[in-house]
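Whatever order the structure lists them in is the order used to number ligands and atoms, beginning at 1. From a predicted model like this one, the values you see are computed outputs, not experimental measurements.
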Amino acid sequence: MSSDALKALLQWGASFGVIVPEELKFLYTDLKGIICVCEKDIDNPSIKIPPEIVISRNLPMKFFGLSESTKNINGWLKLFFAKIKFDRDNDTIVDNVRVNDKFKPYLDALPSRLNSPLVWNPSELKRLSSTNIGNSIHEKFEGIFKEWFELVSSSDMFDLERVADDVQTFHNLDELTYEALYEKILKITELQRPTIWYSFPAFLWSHLIFISRAFPEYVLNRNCPDNSIVLLPIVDLLNHDYRSKVKWYPENGWFCYEKIGTASQSRELSNNYGGKGNEELLSGYGFVLEDNIFDSVALKVKLPLDVVSTILETEPSLKLPLLSDYTTYAFENKDCVQQEKKATRSATDYINGVTYFINIQNEQCLEPLLDLFTYLSKAEEEDLHDLRARLQGIQMLRNALQSKLNSITGPPATDDSYAIDPYRVYCADVYTKGQKQILKEALTRLKKLEKTMLSENKHQLLTMSKILKNDPAFAETELPSLFSNEDGEEVIFESTYDLLILWILLKTKKNSYPTKYEWVGQRYTNFKQTAYISDDAKAFHTAYFEKQDDVDLAEVDHAIQFVVDNSFTRTSSTTEETILVRK
Ligand SMILES: C[S@@+](CC[C@H](N)C(=O)[O-])C[C@H]1O[C@@H](n2cnc3c(N)ncnc32)[C@H](O)[C@@H]1O
């Protein structure tokens with residue numbers, strides 16, 4: 001994109017009557033592409049676009065002869081847009097107008113380089129390999145490819161022989177290396193050199209243009225199909241700033257953008273693409289914001305579908321969000337629409353997992369996650385408010401967040417197979433750093449919450465160190481008696497879990513619970529166990545009671561089940577501590 005193309009675009013806009021206040025100047029910059037700057041202070045500046053230059057579904061509907069009921073009109077619009085960009089041999093005529101000529105100044109002024117990771121080269125993409133974006137790129141790519149294939153195979157207007165290579169790539173996608181895919185497809189998209197307008201590289205380019213600059217049609221037309229999108233030349237030159245207060249409204253068929261308040265001299269006039277984190281900004285728009293208060297980490301929790309069904313039926317207070325509950329793109333894919341329209345949700349809506357977003361600015365964002373992990377940790381007779389289940393839930397969530405944090409590794413050792421664009425490295429670094437920061441902050445909050453709960457409920461908690469302090473007989477005589485044959489060899493317990501089980505077994509056998517811990521004995525006597533003897537019980541019995549005949553396997557199993565149901569295990573980087581909880 002050059003300054004000349006920008007000048008031509010603005011003249012073209014003016015010829016259609018586009019209204020831009022004279023205080024606004026559009027400039028070409030290396031870092032942000034085109035930007036709009038105010039030359040003087042201006043109150044409530046607005047930009048207005050006439051209907052003649054809106055690129056909407058009307059064009060592909062007329063050109064391809066589609067009806068209102070045609071599926072995926074947004075897909076046809078992307079295909080149409082690829083045609084007016086890449087079909088150099090034939091005009092695209094709608095209502096006797098050569099649409100390719102009409103929109104040429106707009107097409108020429110579109111960015112010459114798109115920075116969505118969907119077209120990063122293999123060395124660049126490695127910078128994202130351990131992140132959500134890196135992990136989901138294949139799936140996203142497959143989705144776009146499938147959309148293209150369904151469109152081009154739905155009509156005999158497309159000669160599939162001419163795009164046979166792309167069709168073959170689509171069918172063999174899982175077998176291809178990323179390097180091969182880059183060479184076959186992405187490079188062509190990146191360099192904007194497709195030779196056939198309905199090839200996949202052409203469609204992918206069009207898709208990237210739409211996800212980085214489309215607007216929802218409903219602003220102009222309340223009766224449009226759900227998620228219908230349009231391109232709005234010139235308004236789409238405004239960059240994103242989440243602080244910018246703006247409104248979009250229709251006026252006699254025109255699209256109007258207005259900044260609310262004063263736009264100051266020498267400052268950039270921005271649009272507001274919505275509260276998006278860096279993951280969404282980078283995936284869709286190819287940029288990141290360093291100080292993004294909307295930055296978030298998406299945590300996908302995969303649950304067996306029968307568990308989801310039970311939650312939907314019996315735990316209405318648990319929030320199971322779908323991606324469509326969060327997405328703020330101008331358009332979403334059709335699966336999201338279907339999910340959104342359903343009055344009630346079913347387990348199959350969660351086939352890809354339940355996605356939660358963690359955002360540091362939102363104090364409450366961990367609560368729905370914590371409720372879910374408490375639910376997953378609770379025993380059948382417990383409810384979501386039980387202290388033990390809650391503490392175990394915190395632990396489980398901490399472990400999940402910690403392992404997500406650990407999985408985000410640093411940048412790979414230098415890889416010079418492909419030239420690396422420093423701007424893309426910068427984007428990858430800001431995004432990755434933000435993900436780690438959010439996870440660390442969430443872990444700190446959970447630790448703090450756990451500490452508060454432990455201190456507020458300490459009278460209900462029984463740790464091994466309390467037992468050793470208040471029940472000296474256990475450590476001095478009862479426990480050593482178990483190992484009397486072992487010639488004074490020191491026995492080391494790696495966790496307090498085994499010790500607690502042994503304590504309960506010995507105290508019950510010898511009927512020697514200290515008065516203050518008699519509640520454990522009572523609960524233990526009333527505790528019902530299942531008939532099945534676990535492998536854990538067998539291993540435990542072999543380890544401690546092989547040479548003793550006064551504690552049998554069923555007793556060991558009973559004690560293990562009791563401890564599992566009545567304790568939670570605190571894990572730190574160096575230790576694991578099992579703590580009994582009085583219910
Ligand atoms: C709707 S267009 C805005 C106009 C664009 N600058 C151009 O040259 O055409 C969206 C694209 O602008 C860029 N962009 C928007 N906001 C930005 C920001 N705050 N920082 C950096 N780049 C931004 C990104 O490349 C994004 O994909």
Run the salt-bridge test on R424 and E190 with the 4.0 Å N-O cut-off and return the result as yes or no. yes
Students should be able to answer this: which protein heavy-atom is nearest to atom 2 (S) of ligand 1, and at what distance? D236 O, 3.4 Å
Selected option - heavy-atom contact closest to atom 19 (N) of ligand 1, from H240, E290, E268: H240
Carboxylate-amine/guanidinium proximity below 4.0 Å for K184 and D165: no
Looking at ligand 1, would I35 count as a contact under a 4.0 Å heavy-atom criterion? no
Suppose I only count heavy atoms of S212 and a 4.0 Å limit; which atoms of ligand 1 are within that range? 1 (C), 2 (S), 10 (C), 27 (O)
Would you call K78 and E147 a salt bridge, using N to O less than 4.0 angstrom? yes
Using the side-chain hydrogen bond (donor to acceptor under 3.5 Å, both in side chains) rule, take T262 and D43 through it: C-alpha gap first, then chi angles, then the decisive distance, then the call. CA-CA 4 Å; T262 305; D43 291 334; 2.7 Å; yes
Test Y285 against I211 for side-chain contact (heavy atoms from CB on, under 4.5 Å), laying out the working first. CA-CA 7 Å; Y285 300 82; I211 58 167; over 6 Å; no
for atom 21 (C) of ligand 1, nearest protein heavy atom and its distance come out as K32 CG, 3.5 Å
Shortest protein contact, atom 8 (O) of ligand 1 (heavy atom only): I34 N, 2.8 Å
For ligand 1, note which part of Y285 has a heavy atom under 4.0 Å away: side chain, backbone, both or neither. both
With ring-ring contact (aromatic ring centres under 6.0 Å, His included) as the test, pick out the partner of W205 among F81, W148, F210. F81
Taking atom CD of E22 as the centre, report whether more than 12 heavy atoms of other residues, nucleotides or ligands fall under 6.0 Å from it. no
Pick, from V288, L231, N239, the option with the minimum heavy-atom distance to atom 14 (N) of ligand 1. N239
Kindly give the heavy-atom pair with the smallest separation between C36 and L24, and that separation in Å. SG-CB, 3.9 Å
Have a look at ligand 1 and work out which part of L110, if any, has a heavy atom under 4.0 Å from it: side chain, backbone, both or neither. neither
Among Y28, Y423, Y273, which one puts a heavy atom closest to atom 10 (C) of ligand 1? Y273
Is there a heavy atom of N115 sitting under 4.0 angstrom from any atom of ligand 1? no
Ligand-side contact atoms (ligand 1) for residue partner L289, heavy atom cut-off under 4.0 Å: 19 (N)
Identity and separation of the nearest protein heavy atom to atom 18 (C) of ligand 1: F287 CE1, 3.3 Å
Can you tell whether the side chains of E68 and R57 come within less than 4.0 Å, N to carboxylate O? yes
